[in-house]
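For reference, the structure discussed in these notes is given below.
Computed over heavy atoms, backbone and side chain alike; hydrogens, waters and symmetry mates excluded.
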Amino acid sequence: GWQSAPPASPVAGDRYIVLPTGSGAWAGQDNQIAMWTGTAWAFAAPLPGLQVQYWSGRQIVLRYDGASWAEDLASETAAGRVELATSPETRAGTDAQRAVTPAGLFASRSVLRAPETARWSSPGTYSWTVPADVTKIYGIVTSAGGGGGGQKGDGIASGGGGGGRAEGAKAVTPGQTITITVGAGGAPGAGSTTTADPTNGGAGGSSSIGSLMSATGGGGGLAAASGIQGSSGAQGVGSGGDINRAGFGGGTGFSNIGGQGGGLYGTSSSPLNSGAQGQPGYGPGGGGSGASGGGTNGGAGADGEVIIQY
């Protein structure tokens with residue numbers, strides 16, 4: 001055996017390797033080979049390279065390197081005994097010493113489940129628990145778009161900015177709890193047919209997968225009480241992913257056309273409108289367009305979205 005304290009009832013001829021730190025009758029005999037003579041313990045110093053085999057539920061081979069004992073296992077740089085990986089170990093893919101046979105690999109593949117997708121598209125905060133055997137996920141985080149600005153009189157309001165996006169692979173731990181946040185689309189700016197001023201569109205909310213990756217929401221479009229509003233909602237930006245994208249900023253209007261809402265990267269902007277209320281942003285993450293006539297409201301920004309593939 002391989003232990004640090006003498007057994008209670010040894011039998012003559014029993015041999016043990018003394019593990020550090022030896023205790024009792026084995027104190028000060030670390031790494032020595034202890035043998036019970038029937039009346040006392042005798043000790044022998046091992047030579048470097050000595051191998052010892054014993055059974056403890058499985059055959060164990062120990063090798064002394066001149067300083068300490070260790071299992072004589074094969075590695076990428078040294079020869080030694082090879083252990084075969086179990087199916088769970090094969091699926092986890094983290095053991096650097098156990099070997100995989102073709103039959104073992106096939107058996108592990110046969111029990112792998114099909115990829116799954118979790119999706120959150122309604123604004124709010126959620127809790128997601130990493131399933132068993134899942135050690136890596138691919139996340140796609142989209143923030144919400146900003147709302148378009150409201151208008152009064154002959155004002156031409158600008159559009160809200162599009163949300164940002166972050167996506168990429170992340171390591172996780174089975175059973176880990178991750179907070180999912182989905183941003184709400186920015187509120188439309190209010191128009192006015194009275195002496196009150198119109199209001200800017202609201203900013204879109206941020207979305208995130210815990211602390212792994214996130215994206216900020218698009219800015220709200222600016223209101224216009226007269227003439228064409230020359231500034232617009234800023235774009236949202238992704239961060240923490242392997243790929244991080246910024247949305248498009250909101251557009252400014254012209255003639256009697258309200259400014260378009262900024263689209264998410266790679267998607268269309270909200271539609272143009274003439275002399276009317278702003279249009280809602282295309283979802284997820286699109287900005288609402290600005291209002292352009294009749295004291296109308298801007299368009300609402302589209303909500304964000306979070307997707308996890310595993």
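- T179 places no side-chain N or O within donor-acceptor distance of the main-chain N or O of G210, the cut-off being under 3.5 Å.
- Annotation: the span from S122 atom OG to D303 atom CG amounts to 7.0 Å, rounded to 0.5 Å.
- Residues meeting the side chain to side chain contact (heavy atoms under 4.5 Å, CB included) test with N31, sequence neighbours left out: P20, Y64, W69.
- S207 places no side-chain N or O within donor-acceptor distance of the main-chain N or O of A215, the cut-off being under 3.5 Å.
- Y126 and W120 have tilted rings, their planes meeting at an angle from 30° to 60° on a 0 to 90° scale.
- The closest donor-acceptor contact from the side chain of D30 to the backbone of G22 lies under 3.5 Å.
- Aromatic ring pairs are classed by plane angle as parallel below 30°, tilted from 30° to 60° and perpendicular above 60°; the pair W41 and Y16 is perpendicular.
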Yes or no on side-chain contact (heavy atoms from CB on, under 4.5 Å) for W128 and V306, after CA distance, side-chain angles and deciding distance? CA-CA 12 Å; W128 184 68; V306 171; over 6 Å; no
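- Of the possible polar contacts, none joining the T296 side chain to the G191 backbone as a donor-acceptor pair under 3.5 Å is found.
- Within the 3.5 Å criterion, the main-chain N or O of V237 finds no donor-acceptor partner in the side chain of N244.
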Please report the C-alpha distance between I209 and I180 in whole Å, then the side-chain angles of each, then the deciding distance to 0.1 Å, and finally whether the side-chain contact (heavy atoms from CB on, under 4.5 Å) criterion is met. CA-CA 5 Å; I209 299 177; I180 306 298; 4.0 Å; yes
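- With Q229 contributing its side chain and S231 its backbone, the two residues share a donor-acceptor pair below 3.5 Å.
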